[in-house]
Protein chains: 2
Amino acid sequence: MTSVDEPARSGARTRDAARTQAEILDVATREFARAGYDGARVDEIAARTRTTKRMIYYYFGNKEQLFTAVLERAYGVIREAEQELDVDHLDPVAAIRRLAELTFDHHERHPDFIRLVSIENIHDAAHIASSEMLASIGSPALDVIRRILEEGQRTGLFTADVDAVDLHAMISSFCFFRVANRHTFGALFGRDLVAPEQREHYRAMLGDMVIAYLTAERTAG
Amino acid sequence: MTSVDEPARSGARTRDAARTQAEILDVATREFARAGYDGARVDEIAARTRTTKRMIYYYFGNKEQLFTAVLERAYGVIREAEQELDVDHLDPVAAIRRLAELTFDHHERHPDFIRLVSIENIHDAAHIASSEMLASIGSPALDVIRRILEEGQRTGLFTADVDAVDLHAMISSFCFFRVANRHTFGALFGRDLVAPEQREHYRAMLGDMVIAYLTAERTAG
DNA sequence: TGACTAACGTACTGGTTCGTACATTATCCC
DNA sequence: GGGATAATGTACGAACCAGTACGTTAGTCA
């Protein structure tokens, strides 16, 4: 998530708009993720930056727009990662397991993003709704799922009539919950879902779950 | 979640400590769920109550303790609902499906509770940690899962070595995500996971997923 | 019935926090 | 090199908001 480039001519503390904006976004991401939208402090963000509060308002307008910008960049990182997905050389079963694992890994590697999404949901996705970029961001992962599903259903490996969006929701829910609800779950059930020594266990569990769901014969209702 | 009893002698605006406290908790639950911990306004809670801000501090001490009290009551409601669980007369497969469905229904019926849990996770479960009651609340549902799993594994219907806490996490993640991330998911993928006409679809999907996972033969790793 | 206490109301304060008015400097381009 | 403009810093205001000082009333029990 950190994307502040070193200044072209290092050492010299010259003016650099792009760099200042990136630094603000980095720090704001951490602050919003730490404390939620209303808990986050613009002064705190400014203090942790090499610039001042004035700059935050100069570049981003106000707190709300700053949060939207943070969301936009965070979702942009996701989309970029999803575009790297390459599972076309695998058979459908292996491909869907791989995709699930990559989703799992990505959630684990970006807990701040998970928190931002939780926070945005508390605000009824109002910032996404007001962002042109986010309203049309799309999801490469969804296209990949669609392709794998088609192939799996065509070859008869997968049960028919499973929808790509639904499967994406299924995979995401497991990955998301594990990170987002880590604290309450840990406090109530005494188990840390994100403990490193449990990582492989839950990664395999997710894959097993998705494959089992896709390959099971349904008992007619 | 609403539990304010009508006053014994209706009409008369007499003093009633229990009733005042319950009303504060009702309104506070909605306000915290609406806006998050820091977004919630004590003045707003007071305004929506038939009493004053003074009473909130009189009974609950401060905002933090009020939120903790809200959480305690919300989790208490869950525990009570879980104690009603009665699936012992069903075979393991039907029992676990029924349990999943009841969990599904409960999440759908209590969106405010879901939001409170999301909010509490943003605060790293600090309030649960500081609450004696919540630290030891337990989970009747977990006991039920344990019993069903044992029976299913004993009779060979279920794959061995599935842990009750893990299965609970799996079921919860699907139910929780569907409600908690409804807004961002809807905004990004154009599908309302909580749309009434999709309800049965997702309910069945959850059951299918859990059963498939529990009855699938694992491919040795 | 009267005194004691739990329950309640009003009005305020002190600190916090978003946002800005105003002043200044670096950099780019002609 | 000088004018224009983008980028930056300082200091402050106004509103908001958690929490409280102080005063009042209803119920209860001796």
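Model, not experiment: these values are computed from the prediction. In what follows, every chain begins at residue 1, and chains take the letters A, B, ... in the order their sequences are listed.
As rounded to whole Å, 13 Å separates atom P of C:dA6 from atom CE of B:Met55. If you measure from atom CZ of B:Arg54 to atom P of D:dT24, you get 15 Å, rounded to the nearest angstrom. Computed from coordinates, the B:Leu66 CG to D:dG19 P distance equals 10 Å when rounded to whole Å. With rounding to whole Å, A:Ile24 atom CD1 is found 14 Å from C:dG19 atom P.
For D:dG9, one of the phosphate oxygens OP1 or OP2 lies less than 4.0 angstrom from a side-chain nitrogen or oxygen of A:Thr51. The phosphate of C:dA6 has neither OP1 nor OP2 within less than 4.0 Å of any side-chain N or O from B:Tyr59. An OP1 or OP2 oxygen of D:dT8 is reached within less than 4.0 angstrom by a side-chain nitrogen or oxygen of A:Thr20.
One finds no salt bridge joining A:Arg98 and A:Asp86 here, because no Lys/Arg side-chain nitrogen approaches an Asp/Glu carboxylate oxygen to under 4.0 Å. The residues B:Asp112 and B:Arg30 are annotated as not salt-bridged, no charged nitrogen and carboxylate oxygen being separated by less than 4.0 angstrom. The pair B:Glu44-B:Arg48 meets the salt-bridge criterion, since a charged nitrogen lies less than 4.0 angstrom from a carboxylate oxygen. Salt bridge present: B:Asp143 and B:Arg146 bring a charged side-chain N and a carboxylate O closer than 4.0 Å. Under 4.0 Å is where a charged nitrogen must lie from a carboxylate oxygen, and between B:Lys63 and B:Asp38 no such pair does.
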Footprint string (nucleotides 12-18 of chain D, 5' to 3'): B base within contact, S backbone only, - free, heavy atoms under 4.0 Å
-----SB
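Judged as a salt bridge (charged side-chain N to carboxylate O under 4.0 Å, His left out), the pairs with a partner in residues 179-202 of chain A (not counting sequence neighbours) are, in order, A:Asp105-A:Arg199, A:Glu108-A:Arg199, A:Arg182-A:Asp192, A:Arg191-B:Asp163, A:Arg191-B:Asp166, A:Glu200-A:Arg203.
A:Ser131 places no side-chain N or O within 3.5 Å of a backbone atom of A:His127 that could act as its donor or acceptor partner.
Side-chain proximity of B:Ala17 to the nucleotides D:dA6, C:dT10, C:dA7 is greatest for C:dA7.
End-to-end axis angle of the helix from C:dT1-D:dA30 to C:dC30-D:dG1, using five pairs per end and rounding to 10°, comes to 10°.
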Stepwise, does the salt bridge (charged side-chain N to carboxylate O under 4.0 Å, His left out) test hold for A:Arg34 with A:Glu31?
CA-CA 5 Å; A:Arg34 180 188 68 80; A:Glu31 172 69 0; 2.9 Å; yes
